[in-house]
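Heads up, the thing below is written out as structure tokens.
When reading the values below, keep in mind they use all heavy atoms of this one structure, side chains included, and skip hydrogens, waters and symmetry mates. Chain A is the first sequence line, chain B the second, and so forth, proteins listed ahead of strands; every chain is numbered from 1.
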There are 2 protein chains.
Amino acid sequence: MSPGFASSVPAVAALDWGTTRLRAWLIDGGGKVLAERRGDDGLITAREKGFANVLEGHLAAMGAPEELPVIICGMAGSRQGWLEAPYVGVPSPLGAILGGAARVPGQKRDIRIVPGLAQRLADAPDVMRGEETQLAGAGLPAKGRELVCMPGTHSKWVLVEDGAVAGFGTWPTGELFSVLAAHSILRHSLGEHPSPVAPDNPFFRRWCETALGDGGDVTSRLFAIRAAGLLQDLQADNAAACLSGLLIGGEIASARRRHGAGATSVVLVASGALAGLYQAALGLAGLGVRTVDADEAVRAGLIEAARENGMIARSGAAI
Amino acid sequence: MSPGFASSVPAVAALDWGTTRLRAWLIDGGGKVLAERRGDDGLITAREKGFANVLEGHLAAMGAPEELPVIICGMAGSRQGWLEAPYVGVPSPLGAILGGAARVPGQKRDIRIVPGLAQRLADAPDVMRGEETQLAGAGLPAKGRELVCMPGTHSKWVLVEDGAVAGFGTWPTGELFSVLAAHSILRHSLGEHPSPVAPDNPFFRRWCETALGDGGDVTSRLFAIRAAGLLQDLQADNAAACLSGLLIGGEIASARRRHGAGATSVVLVASGALAGLYQAALGLAGLGVRTVDADEAVRAGLIEAARENGMIARSGAAI
């Protein structure tokens with residue numbers, strides 16, 4: 001055991017295991033973080049190297065004991081992952097979702113994967129995997145109605161009522177930005193390596209405001225970015241800001257229409273640059289914003305999942 | 001001269017010269033088509049081989065006289081083309097647009113390129129190049145208000161009032177379909193080679209109807225196609241029909257909101273499979289449809305442009 005653990009012994013290892021990356025923590029019986037590790041061996045790499053091999057490599061590097069139990073969330077639990085952790089249907093209380101973690105068979109350790117969520121509506125089918133754990137770690141109140149925005153490649157908006165997921169939707173905003181910037185006619189407008197967009201960029205703000213007034217209709221304005229390059233001398237970096245503002249503003253307008261009737265504030269679960277852009281855009285939409293760091297939320301959610309699955313004690317005492 | 005011209009002599013050559021393809025016709029002084037030729041040497045190829053070389057090759061193959069004048073529309077008149085034919089600003093009468101063709105300097109022949117259109121609105125900049133000629137050949141009445149839909153990679157919707165373009169917009173529907181099918185997560189849903197979508201496919205019709213009710217918001221439903229594959233066993237061909245219905249329905253809802261206030265019918269300028277899909281979708285939107293074949297419209301528009309530029313007589317007699 002490494003000197004870093006001197007004050008406490010790990011009770012569980014927690015992993016956020018996504019498509020392209022993973023993060024791992026050692027947690028003591030009271031829910032305290034003892035060690036952290038990051039890797040780029042997400043689902044894609046792990047399918048080649050073997051999930052157990054990748055996991056054991058990271059645990060060994062952190063000096064984890066041989067029989068330490070492991071709790072995992074994210075795409076490692078998908079059909080293409082290590083073991084499909086069946087979806088839990090919504091509506092469902094967050095605690096019940098976390099508590100239904102699926103055990104990976106044939107392993108010496110107790111390894112469990114948090115299930116994803118499925119919304120089995122005929123006209124609005126949807127799924128999430130990983131965000132349910134972030135959501136559980138976002139510190140939402142046990143009572144009341146919360147609209148939660150979790151931006152990313154596939155942004156999720158979730159309506160939580162009295163600690164239960166009532167419904168959700170997905171807006172592929174990050175993916176649209178990447179795909180349009182790289183493969184559509186807008187690549188001529190944005191250039192090969194668009195700079196990061198700043199939340200105070202006036203083009204970001206103006207296009208965001210316009211999109212907020214359009215109820216989620218963004219396709220009618222995409223080509224205008226190209227036309228603005230031809231007619232208004234719009235430069236590449238500002239073109240990226242226009243596209244970002246248009247897509248984020250469109251997402252907010254659309255999500256509000258679908259899930260946010262009457263909402264005056266939003267819980268934003270985000271980190272880094274994305275947090276800044278969404279804070280600005282939600283502000284332009286006239287919504288109050290409480291920001292929860294996404295990295296901290298997933299870690300807190302995994303600790304909660306370890307508790308719900310009896311891997312560490314609910315009371316905070318080591319089991 | 002080939003035997004096909006026995007009854008008449010060509011007065012002008014007309015070319016629809018796009019990014020990847022061209023079509024050429026020999027026209028007599030009365031506006032009659034004497035010969036037709038198609039090539040895949042559009043702007044991209046012509047930039048390498050030289051526009052004059054490509055043009056002369058096609059004209060020689062059709063047996064065109066050495067000094068036959070030429071009228072051209074399309075991307076050959078763009079900044080990346082042979083000669084930039086400056087945009088005409090809207091609003092503008094269609095005749096005035098065609099009549100402003102730019103002459104290519106330094107050529108033995110009289111070669112002119114029809115200008116594109118520019119909408120210089122601060123919040124809705126837009127351009128078209130090639131569609132203005134289709135529009136002029138669509139047989140629109142000289143009086144009255146017409147909403148014209150010209151679907152394609154970048155669909156154009158044009159409001160024409162008393163024979164003048166009042167305004168227009170672009171929806172990159174065809175490009176969104178291609179780019180999302182090839183590069184987004186939906187490639188897993190649609191498979192590598194999506195089959196053509198039939199207008200009576202029930203998935204096309206249902207997703208189109210849903211989109212028509214959403215005011216142009218399509219981004220909120222893109223991921224649902226992926227989720228329907230996971231939760232509802234949606235198959236690849238039907239996934240392509242969903243995406244097509246969603247994007248076309250969204251385009252119509254959005255265009256109607258922007259340009260079609262009060263419109264009860266639409267002039268659809270389209271050919272082939274696209275004509276069938278848009279006829280079905282416009283019908284689902286409750287709009288009357290008059291379809292004009294897009295290939296015939298551009299040819300008729302080029303003949304009209306030859307007339308407006310004095311290359312053939314307005315009266316129909318050879319000059």
Side-chain angles (χ1 to χ4, degrees), chain A residues 78-80 87 89 116 118-128 153-157 169-173 175-176 178-180 182-186 188 206-207 210 214-232 234 247 250-251 253-255 257-259, chain B residues 78-80 87 89 116 118-128 153-157 169-173 175-176 178-180 182-186 188 206-207 210 214-232 234 247 250-251 253-255 257-259:
Chain A
S78 69
R79 204 172 295 173
Q80 289 75 38
Y87 292 113
Q119 178 169 278
R120 299 179 193 279
L121 295 176
D123 67 337
D126 217 323
V127 293
M128 70 165 69
T153 303
H154 298 150
S155 295
K156 306 287 181 187
W157 285 70
T170 302
W171 281 258
T173 302
E175 181 166 43
L176 280 172
S178 311
V179 164
L180 293 171
H183 300 291
S184 82
I185 195 172
L186 295 184
H188 301 302
R206 192 162 74 236
W207 283 65
T210 303
D214 271 344
D217 172 4
V218 302
T219 63
S220 65
R221 296 198 186 273
L222 286 172
F223 190 79
I225 296 173
R226 175 70 177 150
L230 296 170
L231 301 180
Q232 300 169 353
L234 179 70
L247 293 175
E251 174 191 327
S254 172
R257 197 163 60 86
R258 274 188 202 289
H259 298 286
Chain B
S78 69
R79 204 171 295 175
Q80 288 75 38
Y87 292 114
Q119 177 169 278
R120 299 179 193 279
L121 295 177
D123 67 337
D126 216 322
V127 293
M128 69 165 70
T153 303
H154 299 148
S155 296
K156 304 288 179 186
W157 285 70
T170 302
W171 283 258
T173 302
E175 181 165 44
L176 279 171
S178 311
V179 164
L180 293 171
H183 300 291
S184 82
I185 196 173
L186 295 184
H188 301 304
R206 192 161 72 235
W207 283 65
T210 303
D214 271 345
D217 171 5
V218 302
T219 63
S220 63
R221 295 197 186 273
L222 286 172
F223 190 79
I225 297 173
R226 175 70 177 150
L230 296 169
L231 301 179
Q232 299 169 354
L234 179 69
L247 293 175
E251 173 191 328
S254 171
R257 196 161 62 87
R258 274 189 203 290
H259 298 287

Quiz item: Does the side chain of B:Leu231 reach to within under 4.5 Å of the side chain of A:Val127, using non-hydrogen atoms?
Solution: yes
Self-check item: Contact origin within B:Arg257 toward chain A - heavy atom pairs under 4.5 Å
Solution: side chain
Exercise. Go through A:Ala228, A:Ser184, A:Gly215 and name the one with the most non-hydrogen pairs under 4.5 angstrom from chain B.
Key: A:Ser184
Exercise. Check step by step if side-chain contact (heavy atoms from CB on, under 4.5 Å) holds for B:Met128 and A:Phe223.
Key: CA-CA 11 Å; B:Met128 69 165 70; A:Phe223 190 79; over 6 Å; no
Self-check item: A:Leu186 portion near chain B, given a 4.5 angstrom heavy-atom threshold
Solution: neither
Exercise. Might you point out which heavy atoms bring A:Ala227 and B:Pro125 nearest each other, and give the distance in Å?
Key: CB-O, 3.4 Å
Quiz item: Checking B:Thr210 against chain A: side chain, backbone, both or neither under 4.5 Å from a heavy atom?
Solution: neither
Quiz item: So, do B:Asp217 and A:Asp217 sit near enough that their side-chain heavy atoms are less than 4.5 Å apart?
Solution: no
Exercise. Measure A:Thr219 against the heavy atoms of chain B and call it side chain, backbone, both or neither at under 4.5 Å.
Key: both
Exercise. Against chain A, work out which of B:Ala224, B:Gly216, B:Pro172 has the most heavy-atom pairs shorter than 4.5 Å and name it.
Key: B:Gly216
Quiz item: Any side-chain heavy atom of A:Trp171 sitting closer than 4.5 Å to one from B:Arg221?
Solution: no
Quiz item: Of all of A:Ala122, A:Ser178, A:Ala253, A:Gly250, which one pairs up most often with chain B through heavy atoms under 4.5 Å apart?
Solution: A:Ala122
Quiz item: With side chains defined as the heavy atoms from C-beta onward, is the minimum distance between A:Leu176 and B:Leu222 less than 4.5 Å?
Solution: yes
Quiz item: Is chain B contacted by the side chain of A:Glu251, its backbone, both, or neither, given a heavy-atom distance below 4.5 Å?
Solution: neither
Exercise. Heavy atoms only, distances under 4.5 angstrom: which of A:Asp126, A:Ile185, A:Leu230, A:Val218 has the most pairs with chain B? Name it, please.
Key: A:Ile185
Self-check item: Contact winner vs chain A - B:Gln232, B:Arg206, B:Gln119, heavy-atom pairs under 4.5 Å
Solution: B:Gln232
Quiz prompt | Side chain to side chain, B:Arg258 and A:Asp214, heavy atoms closer than 4.5 Å | solution = yes
Quiz item: Can you say whether B:Ile225 sits under 4.5 Å from chain A via the side chain, the backbone, both, or neither, judging by heavy atoms?
Solution: neither
Quiz prompt | Heavy-atom contact with chain B under 4.5 Å, split by part of A:Arg79 | solution = side chain
Practice problem: Tell me, for A:His154 versus chain B, whether the close heavy atoms (under 4.5 Å) come from the side chain, the backbone, both or neither. | Solution: side chain
